[in-house]
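The model shown is predicted, which means the values in this text are computed figures rather than measured ones.
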Amino acid sequence: MSRPGSHGTLLTVAPTGAEHSKADVPQLPVTLEELVTTAEACEQVGAAMVHVHVRGADARPTLDLGLLKETVAALRERTGLVVQLSTGGAVTDAEADRLRVLDALPDSASCTMGTVNFGDDVFMNRWEFVVALHRGMQERGIVPEYEIFDIGQLASLRRLLDRHGLPAGGKVHVDLVMGVPGGMPGDAETVTAALRLLPEGASFSATGIGRTSLPVMLTSLAAGGHLRVGMEDTLSYAKGQPVRDNAQLVARAAGLARIAQRPPLSPADARALLGVRSPVQV
């Protein structure tokens, strides 16, 4: 079965996340300059989209709207990447703060399709909040990426689309986030099971957390899917070998995509695949 964009591979880099500390991972990009420099390097080796969590002056996760706007502007000025903001933030962030992320007007934003145990924490995504995110993005012309942490959330996505219509841009793109303790496992069998529940015509990426990174990448490529990699999701390049930087992970994903004869999509091709227009206007 041919899937949208399967002639190439959309490579998304998630460089920072909200879980790792700079003290524990010195190579983690947390300042604005570090983030933008990382994005430039990742674009050079094949990334077409950047999934962004921002950090404050104390290097801790923040949803400060001014900093979010500054980050979006800097990434647009210095890269051609599709700029996607996380609305997940940290698991402790309030819903109102997470909704306010949309006012930074990124090209794309994440929309997690349900609540999930997240290690020792709970990543809360009530149905009413999911609907508010979906509708807020429709109103602002922001393209969502529907993040799926467990297979049942694909049924929730179908319900969302049936009741509230297609997203901005008219195209549905899903990211299977696999291997989170408390979510679905990151293996070939689970990727295959999830594909049967994708909405008709949807494109998908897959993210393998930690040691699931490689099996998820290889399965997604074989199934016509796309890839998200980055230090948000894994800090090990191989057993006993820490990740040097985000570009190292993107370069490996780009190499695997070329071996699969599905070379990395350009940012312009990624915009066409996802239905993104830029800059977003209200």
> According to the interplanar angle, ranging from 0 to 90°, do the rings of Tyr146 and His134 count as parallel (below 30°), tilted (30 to 60°) or perpendicular (above 60°)?
Replying inline: tilted
>> Treating Asp107 as the side-chain partner and Gln84 as the backbone partner, does any N or O pair qualify as donor plus acceptor under 3.5 Å?
In response: no
> If you measure from SG on Cys42 to CG on Leu249, what distance do you get to the nearest 0.5 Å?
Replying inline: 8.0 Å
> How long is the gap from CE on Met178 to OG on Ser220, to the nearest 0.5 Å?
Replying inline: 9.5 Å
>> Is there a side-chain contact (heavy atoms from CB on, under 4.5 Å) between Thr71 and Val52? Walk through the geometry before answering.
In response: CA-CA 9 Å; Thr71 301; Val52 179; 4.0 Å; yes
> In terms of heavy-atom contacts, does CD of Gln261 have more than 12 from other residues, nucleotides or ligands at under 6.0 Å?
Replying inline: no
> What's the shortest heavy-atom distance between Thr9 and Leu221, and which atoms?
Replying inline: OG1-CD2, 3.6 Å
>> Minimum heavy-atom separation for Leu265 and Gly5, please, with both atom names.
In response: CD1-O, 4.4 Å
>> Grouping I, L, V, M, F, W and Y whenever their side-chain heavy atoms are under 4.5 Å apart, do Val45 and Val229 come out in a common cluster?
In response: yes
> Donor-acceptor pair, Arg55 side chain versus Gly17 backbone, under 3.5 Å?
Replying inline: yes
> Does anything in residues 115-132 pair up under salt bridge (Lys or Arg N to Asp or Glu O under 4.0 Å), and if so which pairs, sequence neighbours excluded?
Replying inline: Glu95-Arg126, Arg126-Glu128
> Is His226 close to Thr12 at the side-chain level, that is, under 4.5 Å between some pair of heavy atoms?
Replying inline: no
>> To check you understand the geometry: which heavy-atom pair defines the closest contact between Ala47 and Leu81, and what is its length?
In response: O-CD2, 3.2 Å
> Yes or no on side-chain contact (heavy atoms from CB on, under 4.5 Å) for Val174 and Leu154, after CA distance, side-chain angles and deciding distance?
Replying inline: CA-CA 9 Å; Val174 168; Leu154 286 165; 4.3 Å; yes
> Taking a hydrophobic cluster as the set of Ile, Leu, Val, Met, Phe, Trp and Tyr residues connected by side-chain heavy atoms closer than 4.5 Å, whether directly or through intermediates, do Met231 and Leu11 fall within one such cluster?
Replying inline: yes
>> Give me each pair satisfying salt bridge (Lys or Arg N to Asp or Glu O under 4.0 Å) with a member in residues 15-32, each pair once, sequence neighbours excluded.
In response: Lys22-Glu34
>> Measuring only between side-chain heavy atoms, which start at C-beta, is Ser156 closer than 4.5 Å to Val130?
In response: no
> Thinking salt bridges, do Asp103 and Arg140 make one under a 4.0 Å N-O criterion?
Replying inline: yes
>> Please tell me whether Val72 and Leu63 are part of a single hydrophobic cluster in this structure, the criterion being side-chain heavy atoms less than 4.5 Å apart.
In response: yes
Under 3.5 Å, which donor-acceptor pairs do the side chains of residues 208-218 form with other protein atoms, sequence neighbours left out?
| residue | atom | partner | partner atom | Å |
| --- | --- | --- | --- | --- |
| Thr212 | OG1 | Ile209 | N | 2.9 |
| Thr212 | OG1 | Ile209 | O | 2.8 |

> Leu133 versus Pro144: any side-chain heavy-atom pair under 4.5 Å?
Replying inline: no
> Can you name the residues that form a ring-ring contact (aromatic ring centres under 6.0 Å, His included) with His173, not counting sequence neighbours?
Replying inline: none
> Tell me, which pairs form a salt bridge (Lys or Arg N to Asp or Glu O under 4.0 Å) where one or both residues lie in residues 141-165, sequence neighbours left out?
Replying inline: Glu147-Arg228
> Has Arg78 got more than 12 heavy atoms of other residues, nucleotides or ligands less than 6.0 Å from its CZ?
Replying inline: yes
> Honestly curious: do Val177 and Leu85 fall in one hydrophobic cluster under the side-chain, below-4.5 Å linking rule?
Replying inline: no
>> Counting C-beta onward and ignoring hydrogens, is there a side-chain heavy-atom pair between Asn117 and Pro181 closer than 4.5 Å?
In response: no
> Under a 4.5 Å cut-off applied to non-hydrogen side-chain atoms, are Lys171 and Leu273 in contact?
Replying inline: no
>> Between Arg3 and Phe204 (side chain of the first, backbone of the second, donor and acceptor by atom type, cut-off under 3.5 Å), is there such a pair?
In response: no
> Sequence neighbours excluded, which residues qualify as side-chain hydrogen bond (donor to acceptor under 3.5 Å, both in side chains) partners of Thr219?
Replying inline: none
> Between Phe118 and Phe123, how do the two ring planes meet: parallel, tilted or perpendicular, split at 30° and 60°?
Replying inline: perpendicular
> Would you say Leu176 and Met184 make side-chain contact, with heavy atoms under 4.5 Å?
Replying inline: yes
> Which atom names give the shortest non-hydrogen contact between Leu102 and Ile142, and what distance separates them?
Replying inline: O-CD1, 3.5 Å
> Is there a donor-acceptor contact under 3.5 Å from the side chain of Arg271 to the main chain of Val276?
Replying inline: no
> Yes or no on side-chain contact (heavy atoms from CB on, under 4.5 Å) for Asp64 and Val54, after CA distance, side-chain angles and deciding distance?
Replying inline: CA-CA 9 Å; Asp64 177 80; Val54 300; over 6 Å; no
>> Check for me, please, whether Ile148 and Trp127 land in the same ILVMFWY cluster - side-chain distances under 4.5 Å, paths through other members count.
In response: yes
> Just how far is it from atom CG of Leu68 to atom OG1 of Thr62, taken to the nearest 0.5 Å?
Replying inline: 7.0 Å
>> Could you measure the distance from the CD atom of Glu200 to the CG atom of Leu161? Nearest 0.5 Å is fine.
In response: 12.5 Å
> Within the distance-only criterion (no hydrogens, no angle test), does the side chain of Arg98 pair as donor or acceptor with the backbone N or O of Phe129 below 3.5 angstrom?
Replying inline: no
> Could you state the interatomic distance from OG1 (Thr112) to CG (Asn125), rounded to the nearest 0.5 Å?
Replying inline: 5.0 Å
> Is there side-chain contact between Pro167 and Val143, with at least one heavy-atom pair below 4.5 Å?
Replying inline: no
> Where do Leu105 and Arg76 come nearest, in terms of heavy atoms and distance?
Replying inline: O-NH2, 3.0 Å
> Closest heavy-atom contact between Gln153 and Val116?
Replying inline: NE2-CB, 4.3 Å
> Between Pro29 and Asn246, is any pair of side-chain heavy atoms under 4.5 Å apart?
Replying inline: yes
> Hey, which of Val30, Leu28, Thr16 is the one that makes side chain to side chain contact (heavy atoms under 4.5 Å, CB included) with Leu35?
Replying inline: Thr16
